[in-house]
Asks: 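I am attaching a structure below and will ask some questions about it afterwards.
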Amino acid sequence: MSVKVGKKIIGEGEPVYVIAEIGINHNGSLELAKKLIDGAVFAGCDAVKFQKRTPELCVPKDQWHLERDTPWGRISYIEYRHKVEFGYDEYAEIDRYCKAKGIDWFASAWDEQAVDFLEEFEPVMYKIASASLTDDKLLARIKSTGRPVMLSTGMSTIEEVDRAVNYLGKNNLLIAQSTSSYPCKLEELNLRVIGTYKKRYPEIPIGYSGHETGLAPSLAAVALGAVFIERHITLDRAMWGTDQAASVEIGGMYRLVKDIRDIEKALGDGVKRVYESELKSKTKLRRSG
C-alpha cells in the first residue's frame, strides 16, 4: 500500500504527502507561479502541481469563439486558454526553480500531446483529472510512461472508477476522493468515500483532493485515513480565476500542513497502553488497582 514518488513514499505509516495545486491560479504569469511555489515551500508542502493542456485538443470547437471577460480584455475562449498555458521555457524555469527550492512538481495532463510535452521534464508523477477519468487514450499514454499516477475521481460513478483502476493497473497508482464543484458544498464532500475506497482497493494508497472553503474537511480526511492531501493554493482568494475561490491562501496552507502533522502524531498506532505521563495521575486519582 505504498508508492514511491520522487524521494518520498506515499502510503500507510508514512507522513501525509501534501500537494499544493497551483493549477492555473498563476493566470499565465511565471512570476506569480514562482510566488506560489515559494508559498508552498513556506507552508511545508511536499509538491506543487500544475495543469497542462493543448487548447485545440481540450476545448470543444463550438466553444472556441465564445467571448469572455478576462484580465486581457474580452477575448475568445480559445485565446484565453492559450493565455494561461505555460510553454517549454516557462516549464524549464519551473523545473529549475522547484529543484532549487527542494520541492517536487508535477502536472495533470489533459491530452496525449501534453503528456509528451511533460515527459521532457521527467515529472515525479502524473495526475489524471476527474474530467479525464474515462479518457482511455489519455490513460493509456500516461500509463505507458511508467510513472506513478494519481487518479482523481470527481464526477465519476464507482463503476467508472473500477474501470479506470482496472485499465491503469494497481501498481504505482494513487486514488483521490474528490467532488468536482468549485467551491464544493460541505454536504457533497462525502469524506467517508475514503473509507469505501480503502476497503475496495486495499492495495492502493487513498487520498483526498478538496475544493471546499476552509480547512476542517481536509483535516478530517487525514483522520479518516487519507495518505495524501491536495488543495489549490492562491495568493488571494479574491483574485481573478475560476479556481481561486476554492483555493487556500498561503497562511491557510501553512496552518493546514501544521495541523496535519499534529494529527499524525495524535492518531498514534492504535495499541492501548498506559503512558508514563499518566502514572502520577493514576497513583493520585485511582481508589483501587
Asks: Please say whether the positively charged group of K52, taken as NZ for Lys or CZ for Arg, lies over the ring of F117, i.e. under 6.0 angstrom from the six-membered ring centre and within 45 degrees of the axis.
Replies: yes

Asks: Distance check, rounded to the nearest 0.5 Å: C98 atom SG versus Y91 atom OH?
Replies: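 If I round to the nearest 0.5 Å, the distance is 10.5 Å.
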
Asks: Show your working on side-chain hydrogen bond (donor to acceptor under 3.5 Å, both in side chains) between S108 and K49 and close with a plain yes or no.
Replies: CA-CA 7 Å; S108 50; K49 190 191 80 68; 2.9 Å; yes

Asks: Would a 4.5 Å heavy-atom cut-off, applied to side chains only, mark L173 and Y201 as touching?
Replies: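 No, too far: nothing below the 4.5 Å cut-off.
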
Asks: Around R163, counting heavy atoms of other residues, nucleotides and ligands shown, do more than 12 lie under 6.0 Å from its CZ?
Replies: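 At most 12 heavy atoms, drawn from other residues, nucleotides or ligands, come within 6.0 Å of this atom.
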
Asks: Do I103 and W105 belong together in a cluster built from hydrophobic side chains that touch within less than 4.5 Å?
Replies: yes

Asks: Got more than 12 heavy atoms from elsewhere within 6.0 Å of NZ, K4?
Replies: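 Counting other residues, nucleotides and ligands, NZ of K4 exceeds 12 neighbours.
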
Asks: How far apart are the C-alpha atoms of M1 and I204, what are their side-chain angles, what is the distance that settles it, and do they pass the side chain to side chain contact (heavy atoms under 4.5 Å, CB included) test?
Replies: CA-CA 5 Å; M1 271 192 71; I204 301 173; over 6 Å; no

Asks: Measuring only between side-chain heavy atoms, which start at C-beta, is H82 closer than 4.5 Å to P55?
Replies: yes

Asks: Please report the interatomic distance CZ(R81) to CD1(I75), rounded to the nearest 0.5 Å.
Replies: 11.0 Å

Asks: Kindly give the heavy-atom pair with the smallest separation between P205 and V227, and that separation in Å.
Replies: CB-CG2, 3.7 Å

Asks: So which atom in M125 and which in P148 form the shortest heavy-atom distance, rounded to 0.1 Å?
Replies: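 Minimum heavy-atom contact is CB-O, 3.1 Å.
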
Asks: When F121 is tested against each of Y88, Y126, F50 for ring pair (Phe, Tyr, Trp, His ring centres under 6.0 Å), which residue passes?
Replies: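 Testing F121 for a ring pair (Phe, Tyr, Trp, His ring centres under 6.0 Å) against Y88, Y126, F50 leaves exactly one candidate, Y88.
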
Asks: Around atom CD of Q113, are there more than 12 heavy atoms from other residues, nucleotides or ligands closer than 6.0 Å?
Replies: no

Asks: With side-chain contact (heavy atoms from CB on, under 4.5 Å) as the test, pick out the partner of N25 among V84, L32, T242, D243.
Replies: D243

Asks: Kindly determine whether S178 and Y208 satisfy side chain to side chain contact (heavy atoms under 4.5 Å, CB included), including the steps that lead there.
Replies: CA-CA 6 Å; S178 185; Y208 174 66; 6.0 Å; no

